[in-house]
Amino acid sequence: MPRPTQKILLAYYRAMHNRWGNQHWWPAQSRTEIMVGAILTQNTSWRNVEKALANLKSANLLPPNRQPHAESNSIRTLHALGVARLATLIRPAGTYRIKARRLWNLLDWFVTHYDASFARTRRTPTPNLRAALLALHGIGPETADALLLYAFHRPAFVIDTYTLRIFHRHHLLPPAAAYNDAQALAQRLLPADIPLWNDYHAQLVQVGKTFCRTHPHCAGCPLQKFLPQTPS
DNA sequence: GACCAGGCACATC
DNA sequence: GATGTGCATGGT
């Protein structure tokens, strides 16, 4: 197995970026909307997440912008709604009873420990923030890292099923490697550049959505030229 | 109908 | 530690 290098991973990024341009993730008007979306998108198509977010926007429950005061107000209002009311609003996203509980857990933690203020999270080191998120019921590694990167603007490389599949198929990782291995690889090799990590993950999702959904469908993929001789 | 989607927790072995 | 299953809507 050729040992992956920073040069190789940056070449992957250039190929994807050349193809699609910057993805401008996370698509949302506010950091609050990112937090909500991160829960809603768990094992769910983004299309269905958008329906649920539209419900919340229609009810004026998401901030119109990223002004801290607007963010905090929305966080507190969503929190005050309670699980049952949240559940009816987010229903189109699927697994809505579970997600309402998970979202409320996250909101409750944010209100309790940071007074619903993103600014107040600044003094918490990233590893501590990650551990706190992982301790919440319903937040696993991918959701925690997506929140860290896209909502809290911390250096966390997000791994998802597409990323794992691509890394495995390209033999960048041994077959048994899992989430933490993939993240360690990316974080060790890539420069600690939050905008790069932001768009890198978005590009990998774009590759996955476009080319990985049906199993051997690599024709036209911007990463195809990097595939090893004997694809798995 | 089956299968999947920008996961996670839990049961069981 | 590894594997299997429920959650649930909406698109293909």
Side-chain angles (χ1 to χ4, degrees), chain A residues 12-13 16-17 19-20 22-29 31-56 58 83-109 130-152 156-169 173-183 186 197-217 221 223:
Chain A
Y12 274 60
Y13 178 69
M16 296 186 288
H17 185 272
R19 174 62 166 275
W20 287 299
N22 193 294
Q23 296 295 296
H24 300 107
W25 270 32
W26 186 291
Q29 292 173 355
R31 300 167 85 174
T32 303
E33 185 178 339
I34 295 171
M35 292 183 84
V36 176
I39 300 295
L40 296 187
T41 196
Q42 292 174 351
N43 196 40
T44 300
S45 65
W46 187 252
R47 177 188 294 274
N48 284 353
V49 174
E50 286 177 322
K51 296 179 195 298
L53 291 173
N55 283 349
L56 295 173
S58 296
V83 175
R85 184 86 183 93
L86 285 174
T88 65
L89 287 160
I90 66 173
R91 190 158 186 237
T95 57
Y96 56 93
R97 283 184 285 264
I98 286 175
K99 285 174 183 174
R101 167 56 64 188
R102 292 176 178 183
L103 175 57
W104 192 87
N105 287 345
L106 175 61
L107 297 169
D108 189 55
W109 165 82
R130 187 172 194 268
L133 289 169
L134 286 175
L136 296 176
H137 199 279
I139 297 192
E142 182 179 340
T143 306
D145 289 324
L147 288 168
L148 286 172
L149 183 62
Y150 295 109
F152 294 101
F157 196 95
V158 182
I159 304 298
D160 68 329
T161 51
Y162 292 136
T163 306
L164 222 42
R165 197 186 309 185
I166 292 163
F167 280 11
H168 280 139
R169 191 176 290 184
L173 286 170
Y179 192 101
N180 290 341
D181 306 296
Q183 185 183 46
W197 292 12
N198 175 322
D199 196 47
Y200 207 125
H201 171 63
Q203 298 287 352
L204 287 171
V205 171
Q206 188 61 35
V207 168
K209 285 163 85 165
T210 312
F211 296 103
C212 298
R213 281 189 169 161
T214 56
H215 179 48
H217 191 308
C221 176
L223 300 183

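The structure displayed is predicted, hence computed values, not measured ones.
The CZ-P distance, from A/R47 to B/dC3, rounds to 22 Å in whole Å. Regarding A/I139, its CD1 atom lies at a distance of 14 Å from the P atom of B/dC10, rounded to whole Å. Atoms CG (A/L147) and P (B/dC8) sit 10 Å apart, rounded to a whole Å. Protein atom CG of A/L53 is 15 Å distant from nucleotide atom C1' of B/dA5, rounded to whole Å. Rounded to whole Å, the distance from CZ on A/R101 to P on B/dA9 is 14 Å. In this structure, the CG atom of A/N48 is 10 Å from the P atom of C/dT12, given to the nearest Å.
Using a 4.0 Å heavy-atom distance criterion, A/K209 is classed as a base contact. Residue A/H137 is classed as a sugar-phosphate contact, given heavy-atom separations below 4.0 Å to backbone atoms only. Residue contacts shown for A/R97 are limited to sugar-phosphate atoms, with no base heavy atom under 4.0 Å away. Note on A/L136: only backbone sugar-phosphate atoms sit closer than 4.0 angstrom, heavy atoms only; bases stay farther off.
Candidate nucleotides C/dG10, B/dC8, B/dG6 were compared by shortest atom distance to the side chain of A/V205, and B/dG6 ranks first. Nearest to the side chain of A/R102, among B/dA9, C/dC7, C/dT9, sits B/dA9. With C/dT9, C/dG11, B/dG6 as the choices, the nucleotide that has an atom nearest any side-chain atom of A/K51 turns out to be C/dG11. Comparing C/dG11, B/dA5, C/dT9 by their nearest atom to the side chain of A/R165 picks out B/dA5.
Distance OG1/A/T95 to CD/A/Q42: 7.5 Å, rounded to 0.5 Å.
A/R85 and A/T88 share a donor-acceptor pair across their side chains, judged by distance under 3.5 Å alone.
Heavy-atom distances to DNA chain B give each of A/L134 and A/D160 a nearest nucleotide, and the one nearer the 5′ end belongs to A/D160.
Evaluation of A/W26 against the base of B/dG6 yields no stacking contact (centre distance < 5.5 Å, interplanar angle < 30° required). You can call A/W46 stacked on the base of B/dG6; the centres are under 5.5 Å apart and the planes sit within 30°.
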| query | What's the verdict on ring pair (Phe, Tyr, Trp, His ring centres under 6.0 Å) for A/W25 and A/W20, showing C-alpha distance, side-chain angles and the deciding distance? | reply | CA-CA 13 Å; A/W25 270 32; A/W20 287 299; over 10 Å; no
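Shown here are the salt bridge (Lys or Arg N to Asp or Glu O under 4.0 Å) partners of A/E33, two or more places apart in sequence or in another chain: A/K57.
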